[in-house]
Student: 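Can you keep this structure in mind? I'll have questions shortly.
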Amino acid sequence: MALTDFRPMEERCSSCLGCKWIPFDKVKSLRFGENCPSISYGNFNAYSARGRFVLGLALQTGDADLSETTTEVIQSCMSCGACDVACKVTRYNLEPLDHNIELKAHAIAAGKVHPEQKKIMDALSKEKTMIPGKSKADRLAWAEGLGLKDLSKTKGEVLFFAGCKYSYDPALTPHARAAAKLLLKAGVDMGHLGNADMCCAGRALQMGFKEDFARSAEANIKAIKAAGVKTIVTPCSDCYHAFKRSYAALGLEIEVLHVVEYLERLIAQKKITFTKKVPMRVTYHDPCHLGRLGEPFHPWTGKEKKILNQIHTWEPRRPRYNGAYGIYDAPRKVLEAIPGVELVEMERIREYSWCCGAGGGCESTHPELSAWTAAERIFEANSTGASALVTACPWCESRFAGVKDSSGKTIEVLDIVQLVEMAL
Ligand code: SF4
Ligand code: SF4
């Protein structure tokens, strides 16, 4: 699609500004009622999904151009999708998130690439990773000695896909190893992609680099099919979303599971049992790409239709991704199964979760916005009285680590796999 394809949506947005808030019947306090980090930080309507629809239209009518200011607005979206699910509370036919990403693609096509985006995309092109400075040759060092099969040499039905962040970040690789060990010990016969292992490129798509994403996805799909893989299991929420939604849109039909879903299954089957108490009060952060953006893909082909020659709609109706069917229960069931763990919820949870601040490449392109976004979540986590913030995404985990909230308080940040390990 091109920006011109979104013009009916740009014209149909009703300026209700519901995209700036979690739905009013879910708001528990004004302090935690907002949902979009970009508008909350930028404090100017252009940063909201509504403002982005206005900007998209203005770029097409010639009332705006890709200036330094408008480009900054476009690049400051974390692609977290909070506006998208909020809009769909009352609307079924607008796709604010797809539009935000198309605006980014429009800017990129016009040569407006942020220097930090360039570094990331150079790393993807040269070393097949989203993490600048890391080498393809070291990609599988995290898995040494685990006994995972090399699916580039032998066939296998279950692929364990660690993703870039878990593969390279020394603070996180132990969690990927622990997750793989848990599954192997429970009897899951699985492997990695060996020499063919590379970035899922989901982050490239979040930043608007659609062609680069498609090229990487094609290479991954080829390797996955050649290995005979039937199930992909990943501990990374970004990879989960990429395979489950974006690769499915390219035609990959395969079971995709996040590690928390597999752990929930193994706990229910008593293949993982707990022997120790973990006396902790914790709160759980729903990662955007596992939660509201983790819904299954629904194919759609249809066309725009005008009613009374002015009201835009689509025939048949487009599938409605409202975030309700993301992965929310599995991590909570895992936490509830751990003896001694008490789960206390934040105000913005499930499809109305607040972004960690790492999405859409903003951690690199907009470090102040990203850090403020993370601090807001730490403040919300601390307000529950929990002693630790648990999550199921390496990007969230690394974004939150060490961040102080506005009162100067940090919180212990844990991978859900760490808690499982503590109770074995
Ligand atoms: S994007 Fe949706 S929620 Fe936001 S102003 Fe437009 S119609 Fe309302
Ligand atoms: S995707 Fe997230 S950051 Fe971007 S406009 Fe929507 S709510 Fe704001």
Side-chain angles (χ1 to χ4, degrees), residues 6-24 26-27 32-58 70-105 107 202-203 205-208 237-238 241 245 286-289 291-294 311-313 318 320-323 326 348 351-363 365-366 368-374 376-377 395-396 399:
F6 285 87
R7 186 153 179 169
M9 292 191 202
E10 290 160 347
E11 292 176 350
R12 190 139 168 66
C13 165
S14 54
S15 197
C16 67
L17 298 180
C19 45
K20 291 158 71 165
W21 301 89
I22 64 171
F24 292 153
K26 309 281 181 205
V27 172
F32 300 123
E34 294 174 7
N35 68 350
C36 168
S38 187
I39 173 70
S40 294
Y41 184 77
N43 201 22
F44 188 71
N45 199 42
Y47 290 98
S48 70
R50 163 64 185 161
R52 292 169 198 278
F53 273 142
V54 173
L55 176 57
L57 190 57
T70 56
T71 303
E72 190 279 323
V73 167
I74 289 168
Q75 291 169 343
S76 74
C77 166
M78 296 180 180
S79 301
C80 73
C83 54
D84 204 82
V85 301
C87 179
K88 290 189 176 95
V89 171
T90 52
R91 306 294 296 268
Y92 68 88
N93 53 3
L94 300 184
E95 303 292 344
L97 176 58
D98 288 351
H99 178 261
N100 296 348
I101 292 173
E102 193 58 48
L103 269 181
K104 295 180 189 184
R203 186 56 60 98
L205 189 58
Q206 290 173 32
M207 294 193 298
S237 297
D238 262 29
H241 169 264
R245 281 278 282 279
D286 289 287
C288 308
H289 286 83
R292 59 177 161 258
L293 299 174
I311 301 169
H312 292 290
T313 185
R318 298 166 66 96
R320 187 164 178 262
Y321 296 102
N322 66 356
R348 290 172 291 195
E351 62 264 49
Y352 309 120
S353 178
W354 177 261
C355 177
C356 72
C362 283
E363 194 170 5
T365 59
H366 292 71
E368 286 175 13
L369 161 65
S370 170
W372 174 84
T373 303
E376 277 292 288
R377 193 57 161 169
W395 296 94
C396 303
R399 179 59 276 192

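All ligand and atom numbering here is 1-based and tracks the order in the structure. Because the structure is predicted, anything quoted here is derived from the model rather than measured.
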Student: Parallel, tilted or perpendicular: which fits the ring planes of Phe53 and His99, with parallel below 30° and perpendicular above 60°?
Tutor: tilted
Student: Using distance alone, with no hydrogens and no angle criterion, decide if Ser353 and Arg292 have a side-chain donor and acceptor under 3.5 Å apart.
Tutor: no
Student: Would you kindly specify which portion of Asp84 sits under 4.0 Å from ligand 2, judged on non-hydrogen atoms: side chain, backbone, both or neither?
Tutor: neither
Student: For Ser14 and Arg50, does a side-chain donor sit closer than 3.5 Å to a side-chain acceptor?
Tutor: no
Student: Just jot down the ligand 2 atoms closer than 4.0 angstrom to any heavy atom of Asn100, in number order.
Tutor: 1 (S), 4 (Fe), 5 (S), 6 (Fe)
Student: Can Ser40 and Glu34 be counted as having a side-chain donor-acceptor contact under 3.5 angstrom?
Tutor: yes
Student: Report the part of Ser48 (side chain from C-beta onward, or backbone N, CA, C, O) that has a heavy atom under 4.0 Å from ligand 1; answer both or neither where that applies.
Tutor: neither
Student: Among all protein heavy atoms, pick the one closest to atom 8 (Fe) of ligand 2 and tell me residue, atom and distance.
Tutor: Cys36 SG, 2.3 Å
Student: Between Arg318 and Glu95, is the closest basic N to carboxylate O distance under 4.0 Å?
Tutor: yes
Student: Would you please say whether a donor-acceptor pair under 3.5 Å links the side chains of Ser79 and Lys104?
Tutor: yes
Student: Mind telling me whether His241 and His289 have parallel, tilted or perpendicular rings, with 30° and 60° as the class edges?
Tutor: perpendicular
Student: Find all atoms of ligand 2 within a distance of less than 4.0 Å from any non-hydrogen atom belonging to Gly81, and give their numbers and elements.
Tutor: 1 (S), 2 (Fe)
Student: With atoms numbered from 1 as shown, which atoms in ligand 2 lie under 4.0 angstrom from a non-hydrogen atom of Arg52?
Tutor: 5 (S)
Student: Which atoms of the protein, restricted to N, O or S, are nearer than 2.8 Å to atom 2 (Fe) of ligand 1?
Tutor: Cys87 SG
Student: How far is atom 4 (Fe) of ligand 2 from its nearest protein heavy atom, and which residue and atom name does that atom have?
Tutor: Cys77 SG, 2.4 Å
Student: So which heavy atom in the protein is nearest atom 5 (S) of ligand 1, and how far is it from that ligand atom?
Tutor: Leu17 N, 3.2 Å
Student: Closest heavy-atom contact between Arg203 and Gly361?
Tutor: CD-N, 3.7 Å
Student: Please write down residue, atom name and distance for the protein heavy atom closest to atom 3 (S) of ligand 2.
Tutor: Met78 N, 3.4 Å
Student: Evaluate the side chain to side chain donor-acceptor pair (under 3.5 Å) criterion for residues Arg52 and Ser38: first the C-alpha distance (whole Å), next the side-chain angles of each, then the deciding distance (0.1 Å), finally the verdict.
Tutor: CA-CA 11 Å; Arg52 292 169 198 278; Ser38 187; 2.8 Å; yes
Student: Say whether Arg12 and Thr313, considering side chains only, have a donor N or O and an acceptor N or O under 3.5 Å apart.
Tutor: no
Student: How far is atom 2 (Fe) of ligand 2 from its nearest protein heavy atom, and which residue and atom is that?
Tutor: Cys80 SG, 2.4 Å
Student: Please determine if Arg245 forms a cation-pi arrangement with Tyr321, meaning its NZ or CZ atom is less than 6.0 Å from the six-membered ring centre and no more than 45° off the ring axis.
Tutor: yes
Student: Heavy-atom distances under 4.0 Å decide this one: backbone, side chain, both or neither, for Ser79 against ligand 2?
Tutor: backbone
